[in-house]
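Remarks on the structure that follows.
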Amino acid sequence: MSRALEPLSVGRVVGDVVDSFSPSVRMIVTYNSNKQVANGHELMPSIISSRPRVDIGGEDMRAAYTVIMTDPDAPSPSDPYLREHLHWMVADIPGTTDVSFGKEIVSYEPPKPVVGIHRYVFILFKQSRRQTVRPPASRDCFNTRAFSLENNLGLPVAAVYFNAQRETAARRR
């Protein structure tokens, strides 16, 4: 297993959300211009209320990418019967740019975990061509693997996740 996949496997992202893959494109997810998402780190709901900046690497602007953000722990980690809940999807992102250059397929829904610690996963796919990604039927019970198959996206080229839990008044201090 590659070192890049290790935290994704430990956090059960590989397994619960995606199959094992070889990361090949850089993806940097940043909230509020200074909170970079790192595998397994916790972010407070107040920090993640606005959509993040997602920078895509790659070597060619002509390449197109899709980024998906899901919660595999909805509505609670002990009973994730809505697995996965889709929070955001942007397609047709040119390589070497960021999501603002893509087409928002599903608008950003800020995470609002109610029970337990939730994982929020960003998955990046390389598209075979532009304008081929169709919107899913629902946010609830979204399945990244099935969606990838239906839209000919193949295996992911990058992924990163963070944890979040309900923010109490005491935790905001």
Side-chain angles (χ1 to χ4, degrees), residues 7-8 10-18 25-57 65-94 97-125 127 133-148 151 153 156-173:
L8 296 170
V10 170
R12 296 183 341 273
V13 169
V14 170
D16 286 352
V17 181
V18 296
V25 175
R26 180 183 53 83
M27 175 176 64
I28 299 172
V29 181
T30 311
Y31 280 95
N32 295 343
S33 74
N34 67 349
K35 294 284 185 196
Q36 187 172 322
V37 172
N39 284 320
H41 289 210
E42 184 174 0
L43 294 177
M44 298 292 171
S46 56
I47 291 170
I48 55 180
S49 60
S50 298
R51 73 183 201 170
R53 177 182 172 99
V54 180
D55 292 295
I56 310 297
Y65 295 89
T66 295
V67 69
I68 295 171
M69 178 188 179
T70 73
D71 173 2
D73 301 316
S76 76
S78 61
D79 186 18
Y81 66 86
L82 296 177
R83 174 178 292 167
E84 302 157 48
H85 183 78
L86 179 63
H87 280 271
W88 193 34
M89 183 183 297
V90 181
D92 298 335
I93 308 163
T97 68
D98 66 76
V99 290
S100 67
F101 292 91
K103 177 183 174 191
E104 193 171 63
I105 304 287
V106 177
S107 63
Y108 184 75
E109 180 183 279
K112 293 184 174 84
V114 178
V115 177
I117 299 170
H118 289 242
R119 297 165 292 165
Y120 294 94
V121 185
F122 291 89
I123 308 113
L124 184 68
F125 291 96
Q127 298 171 220
V133 176
R134 295 177 308 283
S138 170
R139 285 183 187 261
D140 287 332
C141 299
F142 178 81
N143 184 302
T144 298
R145 285 183 188 94
F147 186 82
S148 169
N151 288 275
L153 296 173
V157 294
V160 66
Y161 81 101
F162 66 91
N163 295 321
Q165 59 185 311
R166 186 171 175 205
E167 197 165 7
T168 63
R171 288 186 49 141
R172 278 189 217 117
R173 289 186 199 143

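All figures in this text were calculated on a predicted structure; none of them were measured in a lab.
Minimum interatomic distance between Asn151 and Val133 (heavy atoms only, all atoms of both residues): OD1-CA, 3.4 Å. Here the closest heavy-atom approach between residue Met89 and residue Pro136 is recorded as CE-CD, 4.1 Å. Counting all heavy atoms, side chain and backbone alike, Leu153 lies closest to Gln127 at CD2-CG, 3.8 Å. Here the closest non-hydrogen pair linking Ser148 and Phe125 is OG-CE2, 3.6 Å. Shown here for Gly11 and Arg119, the closest heavy-atom pair between the two residues is O-NH1, 2.9 Å. The nearest pair of heavy atoms linking Val29 to Pro52 is CG1-CB, 3.8 Å.
Legend: salt bridge (Lys or Arg N to Asp or Glu O under 4.0 Å) pairs involving residues 76-91, not counting sequence neighbours, sorted by first then second residue: Asp16-Arg83.
Judged purely by atom type and a 3.5 angstrom limit, Asn32 has no side-chain atom pairing as donor or acceptor with the backbone of Asn34.
With contacts defined as side-chain heavy-atom distances shorter than 4.5 Å, the pair Leu43/Tyr120 does not qualify. Residues Pro75 and Val114 form no side-chain contact, since every pair of their non-hydrogen atoms from C-beta on lies 4.5 Å or further apart. For the pair His118/Pro77, a side-chain contact is recorded, criterion being any heavy-atom separation below 4.5 Å from C-beta on. Looking at Phe162 and Lys35, their side chains never come closer than 4.5 Å, going by heavy atoms from C-beta outward.
With values rounded to the nearest 0.5 angstrom, Ile123 atom CD1 is found 11.5 Å from Thr66 atom OG1. The CD atom of Gln36 lies 5.5 Å from the CD1 atom of Ile28; values are rounded to the nearest 0.5 Å. Interatomic distance, CE of Met44 versus CD of Gln165, reported as 7.0 Å (0.5 Å rounding). We find the CD1-CG distance between Ile68 and Leu86 to be 7.0 Å, quoted to the nearest 0.5 Å.
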* Carefully, step by step, assess Val90 and Val54 under the rule side-chain contact (heavy atoms from CB on, under 4.5 Å). => CA-CA 10 Å; Val90 181; Val54 180; over 6 Å; no
Identify each donor-acceptor pair in which a side-chain atom of residues 98-111 lies under 3.5 Å from a protein atom, sequence neighbours left out, and give them as a table.
residue	atom	partner	partner atom	Å
Asp98	OD1	Ser100	N	2.8
Asp98	OD1	Ser100	OG	2.5
Asp98	OD2	Arg53	NH2	3.4
Glu104	OE2	Arg51	NH1	3.0
Glu104	OE2	Trp88	NE1	2.8
Ser107	OG	Arg139	NH2	3.2
Tyr108	OH	Tyr31	OH	3.0
Tyr108	OH	Ile48	O	2.7
Glu109	OE2	His85	NE2	2.5

